[in-house]
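First the structure, in the form of structure tokens, and then the observations on it.
What you see below is based on every heavy atom in this structure, not just the backbone, and it leaves out hydrogens, waters and symmetry mates.
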Amino acid sequence: MKQVILRIFKFCMYSQYYFMFSRCFLNNSRQVAELNRCICCVLLVTFCSSAYGIEPQPLEGVHTSEVIKANILVPASATPSPFTSPTHNPASHRASAHACPSACVESILSLEKCLKTALSNNIELKGQKHVLQSTIYQIREAKARLKPQFNLQNVQTHSKNLLSFGEATIGKHDTNISRGVLQQPVYSFGRLNLGLDMVKVQRQSEEKALRAKTEDILARVIRSYIDNLNTQNRLRIASESCQLIKAHLVTTQSLYDAGVILKTDVSSTRVKLLEAQQKLVEEESALEIARENLSNLLGISPVEVTGVSQIIDSDVAFDKWQNLASNTNTLSPEIERLDCIVSMLKKKLALEKKGKLPALGFQAIYSTGNEFNDSFKNWNAMLVLEIPVFDGGTVKARKNQAEEELEKTKCDRENVVRQLNLMARTSYLKAKDIEKKIGLAKEALQVAQENLDQNVINFKEGTVINTDVLSAQLLLNNAKVKYNEAVFDYLQHLTDYFKNTGNIKGFLSEILDVNISWPGAEK
């Protein structure tokens, strides 16, 4: 009885304060009456519910605190994190394990599975592997030039007039001669060996190109995977916002029907619901596009990309990033490939400079006949010395062309080094900048959580209305999105940094805890 009297006294005091406020700031008597009526209704409902132990039910049978907890990423006592989702929440995972077989879990792609799938299915990698395979046959061709060559020839000859001495003639009108020709280069002043060395260096260049392409594909898969995670989380937050605003719209409509709030409150809630639905449509389209990009890199159907699993379960490992940040001297495969091309062009230039040197070869011929008698078998052997005298400037033009190609490749290498250093430095600075933003976003997330909790308490006490709780919840959702964006942008910049420094393997093993092997990864 004492508590009831106390609550009646508080109700009268609150009413008196509100009446004084309305008289001071509102001149229109109609506005004063409308405001007083609304406030009295709210206070009366709050008083009755609290006096008799009845909790307000603004969400159709769902307790307000339960709805808010369902939309919070982590408990208030824990560190806020954007990485908890219905797919990876341990409680929801255990609950879904009974309703859904293991096939549902297997449909979620892990980063390790995506990387291995890309290594085996990616079309660009397959094409680069064929290019590398072709260099094997180029080496075999260059080695074959150092070995003896044997050819068979068959010559059919028809002569209209024969050589004659009076009535006697020499030879036959039709002859058929078969020959076996053996050729062996003896000395070419190093040209054949230089040609062989060139294709060997070219193979090394293609090996570096394959490694560069592989690391590029892996980095693109990681970035696409992170983009899918980012979009997946944004879609989840947008979906939760729509559900929450729909529930608040029902509550707002009920309060309006009871004469507690104005129609403008209902209209503003509907506008927020339409905006949330538009955002949901945008995020659904963004997720579909992100899955299309990932499936294209993996070489699989987009239908198979039903979802991706989280790659980190806690705060980003800043300490690991600090330890690896100084590792900027690792040569990237792009630079190593250009080094091989420079070496190959140097050999090509040396080869072109020897274009005017003579060549010595051995040749042996076995013949079954000659132009006079097609049954006359004979063989002969000869040394052939070939000395170029005049070529119209062809050798000089080739030499000058090789020199220009060599200088251009050196410039390209220097430019690539500058570009990679610039991109690595840029991604490093962006990552360091986002480190600060992550801290601020985490603090904003905590403040938004505290603000929501306080609004829930105030709503129970009747000092605020449900739209204030809605605004606090939307503020928390925006904080989640910003924190989510900051963390995944940080991972994107880390990916770029380690890719540009040629240490994508270290990024996978030390930052993301993924260990896979690919050609050239051990180098």
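Between the side chain of N228 and the backbone N or O of S224 there is at least one donor-acceptor pair closer than 3.5 Å. Checked by atom type and distance alone, the side chain of S343 never pairs as donor or acceptor with a backbone atom of D339 at under 3.5 Å. Between the side chain of S239 and the backbone N or O of L235, no donor-acceptor pair lies under 3.5 Å. In this structure a side-chain-to-backbone donor-acceptor pair under 3.5 Å is present from S110 to K113. At least one donor-acceptor pair under 3.5 Å links the side chain of Y225 to the backbone N or O of S309. Under a 3.5 Å cut-off, the side chain of Q149 and the backbone N or O of A144 do form a donor-acceptor pair.
Looking at every heavy atom in both residues, L273 comes nearest to C242 through CD1-O, 3.9 Å. The shortest heavy-atom contact between N296 and N122 is O-ND2, 4.4 Å. The nearest pair of heavy atoms linking Q128 to L210 is CG-CA, 3.7 Å. In plain terms, the two heavy atoms of H248 and T269 that are nearest each other are C-CG2, 4.3 Å. The minimum heavy-atom distance linking E206 with L132 is given by the pair CB-CD1, 3.8 Å. In terms of heavy atoms, L109 sits closest to L298 at CD1-CD1, 4.2 Å.
S332 and E334 are linked by a side-chain donor-acceptor pair at a separation below 3.5 angstrom, with hydrogens and angles left out of the test. Side-chain contact, N455 with N451: a donor N or O sits under 3.5 Å from an acceptor N or O. Defined by atom type and a distance below 3.5 Å, a donor-acceptor pair is missing between the side-chain atoms of E352 and Q401. A side-chain donor-acceptor contact under 3.5 Å links N230 and N484. Side-chain contact annotation: Y490 with T495, donor-acceptor N/O pair under 3.5 Å absent.
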Could you go through E404 and N400, starting from their C-alpha distance and side-chain angles, then the distance that decides it, and tell me whether this counts as side-chain contact (heavy atoms from CB on, under 4.5 Å)?
CA-CA 6 Å; E404 295 300 328; N400 294 337; 5.6 Å; no

Determine, stepwise, if the pair L244 / E240 fulfils side-chain contact (heavy atoms from CB on, under 4.5 Å).
CA-CA 6 Å; L244 183 71; E240 292 171 352; over 6 Å; no

Decide side-chain hydrogen bond (donor to acceptor under 3.5 Å, both in side chains) for T501 and Y428; before the verdict, give the C-alpha distance in whole Å, the side-chain angles of both, and the deciding distance to 0.1 Å.
CA-CA 11 Å; T501 55; Y428 172 80; over 6 Å; no

For a side-chain contact (heavy atoms from CB on, under 4.5 Å) check, start with the C-alpha distance between I387 and L357, then their side-chain angles and the critical distance, and finish with the verdict.
CA-CA 7 Å; I387 303 176; L357 296 178; over 6 Å; no

Could you walk me through whether Q232 and R291 pass the side-chain contact (heavy atoms from CB on, under 4.5 Å) test, one step at a time?
CA-CA 10 Å; Q232 209 169 257; R291 288 179 175 177; 3.9 Å; yes

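In this structure, E288 places its CD atom where only 12 or fewer heavy-atom neighbours from other residues, nucleotides or ligands lie under 6.0 Å away. For NZ of K430, the number of neighbouring non-hydrogen atoms (other residues, nucleotides, ligands) closer than 6.0 Å is 12 at most. In K482, the NZ atom is not crowded: 12 or fewer heavy atoms of neighbouring residues, nucleotides or ligands sit closer than 6.0 Å. For Q184, the CD atom sits in a packed shell: over 12 heavy atoms of surrounding residues, nucleotides or ligands are nearer than 6.0 Å. For R398, the CZ atom sits in a loose shell: 12 or fewer heavy atoms of surrounding residues, nucleotides or ligands are nearer than 6.0 Å.
For the atom pair CE of M344 and OG of S205, the computed distance is 6.0 Å after rounding to the nearest 0.5 Å. With rounding to the nearest 0.5 Å, the separation of CG in L345 from CD in E403 is 11.5 Å. For the atom pair L182 CG and F362 CZ, the distance stands at 6.0 Å (nearest 0.5 Å). Atoms CG and CG, on N477 and L445 in that order, are 10.0 Å from each other to the nearest 0.5 Å. Rounding to the nearest 0.5 Å places CD1 of I237 at 8.5 Å from CG of L476. To the nearest 0.5 Å, the span separating CG on L194 from NZ on K347 amounts to 6.5 Å.
Salt-bridge annotation for E405 and K348: present, with a side-chain N of the basic residue lying under 4.0 Å from a carboxylate O of the acidic one. The pair K499-E215 does not meet the salt-bridge criterion, since no charged nitrogen lies less than 4.0 angstrom from a carboxylate oxygen. A salt bridge links R223 with D496: the distance from a Lys NZ or Arg NE/NH1/NH2 to an Asp or Glu carboxylate oxygen falls below 4.0 Å. Of the charged side-chain nitrogens involved, at least one lies within less than 4.0 Å of a carboxylate oxygen, so that E207 and R203 count as a salt-bridged pair. Between K410 and E414 there is no salt bridge, since no side-chain nitrogen of the basic residue lies less than 4.0 Å from a carboxylate oxygen of the acidic one. The residues E141 and R145 are annotated as salt-bridged, a charged nitrogen and a carboxylate oxygen being separated by less than 4.0 angstrom.
With a 4.5 Å cut-off on side-chain heavy atoms, D227 and F488 do not count as touching. A 4.5 Å side-chain heavy-atom check between V181 and F150 finds every atom pair outside the cut-off. Two residues are said to be in side-chain contact when any heavy atoms from C-beta on lie closer than 4.5 Å; L196 and I139 meet this criterion. Residues V308 and L294 form a side-chain contact, since some pair of their non-hydrogen atoms from C-beta on lies under 4.5 Å apart. Proximity of I222 to F507: side-chain heavy atoms (C-beta onward) are separated by under 4.5 Å at one or more points. In this structure, L452 and L475 have side chains that are not in contact, with every pair of non-hydrogen atoms separated by 4.5 Å or more. For the pair V417 and N421, the minimum side-chain heavy-atom distance is below 4.5 Å. Residues C411 and K408 fail the side-chain proximity criterion, which asks for heavy atoms closer than 4.5 Å.
Between Y187 and F189, the gap from one ring centroid to the other is short of 6.0 Å.
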